[in-house]
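This report concerns only the one structure given below.
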Amino acid sequence: MLTSEGDVSTNDALASRELVYKLLDQLKPTDRLVIRMLDLEQRSVAEISELTGWKPGAVKVRAFRARGKLKRLFKELERKER
């Protein structure tokens with residue numbers, strides 16, 4: 001059965017979302033929190049700082065490190081699927 005372009009895009013979007021959440025589940029809670037708030041919820045560093053009590057610099061450092069962990073997890077997953 002052939003699918004339309006819209007179906008493929010929807011399927012790709014769902015698969016991407018599942019992958020993101022699968023990778024996020026492998027992070028520590030604080031790493032997951034900072035990624036979710038900053039990248040998925042589009043909150044500002046100042047807002048996250050207010051909500052968490054972390055200094056703005058700490059929010060940025062945590063986000064940088066958490067993104068690095070996500071990148072490593074993704075690369076590991078890619079290697080396993082080859």
Side-chain angles (χ1 to χ4, degrees):
M1 179 173 141
L2 296 174
T3 61
S4 69
E5 276 186 39
D7 291 340
V8 173
S9 296
T10 301
N11 289 338
D12 287 347
L14 289 172
S16 295
R17 175 178 242 144
E18 286 179 22
L19 176 61
V20 167
Y21 283 103
K22 180 181 178 179
L23 293 172
L24 283 172
D25 284 344
Q26 295 179 53
L27 295 177
K28 292 180 183 177
T30 54
D31 292 338
R32 192 169 41 245
L33 176 68
V34 73
I35 292 292
R36 183 175 48 81
M37 293 176 86
L38 194 59
D39 296 328
L40 300 177
E41 296 175 7
Q42 298 290 300
R43 294 181 186 245
S44 68
V45 170
E47 188 177 4
I48 296 168
S49 178
E50 250 181 63
L51 292 169
T52 61
W54 302 333
K55 293 180 180 179
V59 172
K60 292 177 186 178
V61 168
R62 285 175 190 260
F64 177 81
R65 290 178 181 165
R67 288 182 188 124
K69 290 174 189 176
L70 271 179
K71 188 175 181 179
R72 284 190 295 278
L73 288 168
F74 180 73
K75 285 183 179 186
E76 285 175 25
L77 186 63
E78 270 187 324
R79 271 184 255 136
K80 287 179 186 177
E81 289 186 0
R82 286 183 190 174

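If you're wondering where the values come from, they're calculated on a predicted model, not measured in any experiment. The figures here come from the full heavy-atom set of this structure, side chains too, leaving out hydrogens, waters and symmetry mates.
Judged as a salt bridge (Lys or Arg N to Asp or Glu O under 4.0 Å), and not counting sequence neighbours, the contacts of Glu47 are Arg43. Residues passing the salt bridge (Lys or Arg N to Asp or Glu O under 4.0 Å) test with Arg72, sequence neighbours excluded: none.
A distance of 10.0 Å separates NZ in Lys60 from OG in Ser49, rounded to the nearest 0.5 Å.
The other residues sharing a hydrophobic cluster with Leu73 are Leu19, Val20, Tyr21, Leu23, Leu24, Leu27, Leu33, Val34, Ile35, Met37, Leu38, Leu40, Val45, Ile48, Leu51, Trp54, Val59, Leu70, Phe74, Leu77, where clustering joins ILVMFWY side chains under 4.5 Å apart.
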